[in-house]
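Counting begins at 1 with the first residue of the sequence.
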Amino acid sequence: MKPRHGHISENCRPISEILSLIGDKWTSLIIERLNEEPLRFNELKRRVDGISQKVLTSSLRALERDGFLERIEHPTVPPSVEYRLTGFGHELAEPLSKLKQFALKNANRMEAARAAYDTRSGSGESRGRQPQPIQPATMV
């Protein structure tokens, strides 16, 4: 069977899609915040520091489309909208939390490995690009 998505086989496509989703810096933060509690749009925007309204709107729509969150409209004046994770979204939050814990626990090990590599290669660069320091504080 010929793959429909270039070099990605049908067996790898779901994995690639999830990695693409969680690899986006905003999506994982949105999921983390909504895993704590349901939030209204502006409160979520305040808790995901640095996200623009446009990116937040787009990310929420994509997460809703994929079934990870639901948009709840409350019949108030003015109308009130709340976002909350579905059961499916909470399932995704579990491995994301473990990945976050792994990253925080091992940030120093990665930095040390990078420094050792740079020392061995003598260039201070990795494949023509400057290594970026890990900043776990942005994930908390």
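Checked by atom type and distance alone, the side chain of Ser80 never pairs as donor or acceptor with a backbone atom of His74 at under 3.5 Å. Side-chain atoms of Ser121 come within 3.5 Å of backbone N or O of Tyr117 as a donor-acceptor pair. Without hydrogens or angle criteria, Ser58 side chain to Lys54 main chain gives no donor-acceptor distance under 3.5 Å. Side chain of Ser97 to backbone of Ala93: no donor-acceptor contact under 3.5 angstrom is found. For the pair Ser59 (side chain) and Thr27 (backbone), a donor-acceptor distance under 3.5 Å is absent.
Considering all non-hydrogen atoms of both residues, Leu39 and Leu34 come closest at N-CD2, 3.8 Å. Nearest heavy-atom pair across Ile51 and Lys45 is O-NZ, 3.6 Å. Of all heavy-atom pairs between Leu85 and Ile31, the closest is CD1-O, 3.8 Å.
Listed by chain and number, the residues in a side chain to side chain contact (heavy atoms under 4.5 Å, CB included) with Glu94 amount to none (sequence neighbours excluded). By the salt bridge (Lys or Arg N to Asp or Glu O under 4.0 Å) test, Arg84 is found to be paired with Glu70, residues two or more places apart in sequence or in another chain being considered. Shown here are the salt bridge (Lys or Arg N to Asp or Glu O under 4.0 Å) partners of Glu37, two or more places apart in sequence or in another chain: Arg47.
The pair Arg40-Glu43 does not count as a salt bridge, with every side-chain nitrogen at least 4.0 angstrom from each carboxylate oxygen. Using a 4.0 Å cut-off between a side-chain N of Lys or Arg and a carboxylate O of Asp or Glu, Arg109 and Glu111 do not qualify as a salt bridge.
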